[in-house]
Amino acid sequence: MSALTYDRVQGQFERLKLAHLPDRLDGLAEEATKQGWTDVEFLDRLLATAIDARSARDIAMKTKLAHFPATKTLEDLDFPFQPSINERQIRELATLRFVAQGENLLLLGPPGVGKTHLAIALGMLAISQGISVYFLTVADLLALLERDAKEDRLAHRLQALARPKLVILDEMGYFPLDRLAAQFLFQLVSRRYGKTSLIITSNKSYGDWGDIFADQVLASAILDRLLHHSTTINIRGQSYRLREKRQAGVFHDLTATPKEG
Ligand code: ADP
Ligand code: MG
């Protein structure tokens, strides 16, 4: 290959937005000579390299857009520690069929039992399969809505939160939702109903959801739609956070129930 052709190929990669390929070209060309690849075999490897890099970039971009507060995977979930988490059920959820079918997942349980961990892990898996995900806490939502209401941008927010194939709404129950937030949530759940998935985590059982919302009627309308196509996982057991602290000797009295978030 002449130097001129070599430069032109590099330039063409750039124009095709395959900026990472120039680094791989020499290696692949060398490999092709060594292995005696045909032209088509060479092209096949080159395109596979380009596609791999593009999907890696796509995953990185989607992960950034998802706003996860931490990186969590199912691999680092200690199942024996939390026997009320059924590993088989989680493996089934990890197929993400529920997302493909626009179903919801509700993770209920006291603080520290792994609700957020599970939600993030499933969200990260979804992204690895090209699914768009957005993570926010109820506290984030309330802050956004307060600002949006002032700027008259609630409709815009509703549209933005209706779009991702999977939205994770974390920590339902720590803060009461005023009428505006309850109405917004009702509209969001209705928009997404049957089409796109929500994962909601909560420290409150459904019976207590009425207390979270200023309006009982809205609360039951929201729950009705949320639960229609859904899976609920009730996690009972010890807080993993407290276990770590206990191991570090912070808490000696195991019967005490220190406050945690
Ligand atoms: P929750 O959302 O239920 O309050 P988290 O999911 O935030 O609890 O879990 C608290 C911390 O403990 C996180 O750092 C999480 O990764 C970890 N954790 C919780 N349960 C487990 C578990 N079974 N195995 C490993 N780590 C866990
Ligand atoms: Mg949590």
Side-chain angles (χ1 to χ4, degrees), residues 63 66-96 98-99 104-128 133-144 161 164 166-177 181 185 188-189 197-209 211-213 222-223 226-227 230-252 254-261:
T63 305
H67 286 98
F68 294 124
T71 301
K72 301 285 175 186
T73 64
L74 289 184
E75 284 64 45
D76 43 59
L77 196 76
D78 178 352
F79 285 96
F81 174 79
Q82 209 62 270
S84 68
I85 301 179
N86 177 341
E87 185 167 357
R88 263 183 64 187
Q89 187 179 22
I90 302 303
R91 299 278 165 223
E92 163 61 28
L93 289 165
T95 65
L96 298 171
F98 78 102
V99 178
N104 300 321
L105 172 64
L106 289 107
L107 301 167
L108 309 182
V113 293
K115 302 182 298 297
T116 304
H117 186 128
L118 269 174
I120 295 175
L122 291 171
M124 288 182 44
L125 264 179
I127 285 178
S128 73
V133 180
Y134 191 73
F135 180 104
L136 80 174
T137 64
V138 169
D140 295 336
L141 179 67
L142 290 172
L144 289 174
L161 287 178
L166 173 63
V167 166
I168 300 171
L169 185 55
D170 196 26
E171 301 190 335
M172 178 74 78
Y174 288 115
F175 299 98
L177 271 71
L185 195 63
L188 182 64
V189 169
S197 299
L198 276 163
I199 297 179
I200 296 187
T201 76
S202 180
N203 62 331
K204 290 217 159 52
S205 61
Y206 299 135
D208 296 331
W209 275 41
D211 302 343
I212 311 172
F213 299 91
I222 290 169
L223 265 179
L226 266 183
L227 298 185
S230 70
T231 303
T232 296
I233 296 184
N234 267 300
I235 310 174
R236 287 170 309 274
Q238 301 221 343
S239 163
Y240 198 85
R241 287 192 198 102
L242 292 193
R243 179 189 94 145
E244 286 174 336
K245 286 187 182 139
R246 265 182 216 123
Q247 283 178 343
V250 179
F251 295 118
H252 299 290
L254 298 186
T255 56
T257 50
K259 277 217 163 76
E260 55 160 338

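Nothing fancy with the numbering, it's 1 onward along the sequence. Heavy-atom basis, side chains included; hydrogens, waters and symmetry copies ignored. Atoms within a ligand are numbered from 1 in the order they appear, just like the ligands themselves.
Of the inter-residue distances, the one linking Phe135 atom CZ with Leu169 atom CG reads 9.0 Å to the nearest 0.5 angstrom.
Residue Leu107 forms a side-chain contact (heavy atoms from CB on, under 4.5 Å) with just one option from His117, Lys115, Met172, and that option is Lys115.
The shortest N/O to N/O separation between Gln82 and ligand 1 does not fall below 3.5 Å. In terms of polar-atom proximity, defined here as any N/O pair under 3.5 Å, Leu77 makes no such contact with ligand 1.
At a cut-off of 2.8 Å, Thr116 is counted among the residues with an N, O or S atom near the Mg ion (ligand 2).
Contacts between Ile235 and ligand 1 below 4.0 angstrom, taking non-hydrogen atoms only, are absent altogether. Contact annotation: for Lys72 versus ligand 1, heavy atoms closer than 4.0 Å belong to the side chain alone.
Evaluation of the salt bridge (Lys or Arg N to Asp or Glu O under 4.0 Å) rule for Arg91 yields Glu87 as partners, not counting sequence neighbours. Qualifying side chain to side chain donor-acceptor pair (under 3.5 Å) partners for Asp140, counting only residues two or more places apart in sequence or in other chains: Thr137.
For atom 8 (O) of ligand 1, the candidate residues are Gly114, Ala121, Ala70; the nearest heavy-atom contact is made by Gly114.
The ligand atoms of ligand 1 that sit less than 4.0 angstrom from a heavy atom of Pro111 are 4 (O).
Residues Leu105 and Leu118 are not in side-chain contact: their nearest non-hydrogen atoms beyond the backbone lie 4.5 Å or more apart.
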Taking it one step at a time, do Leu93 and Ile233 satisfy side chain to side chain contact (heavy atoms under 4.5 Å, CB included)?
CA-CA 11 Å; Leu93 289 165; Ile233 296 184; 3.6 Å; yes
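Between Val113 and ligand 1 there is a heavy-atom distance shorter than 4.0 Å.
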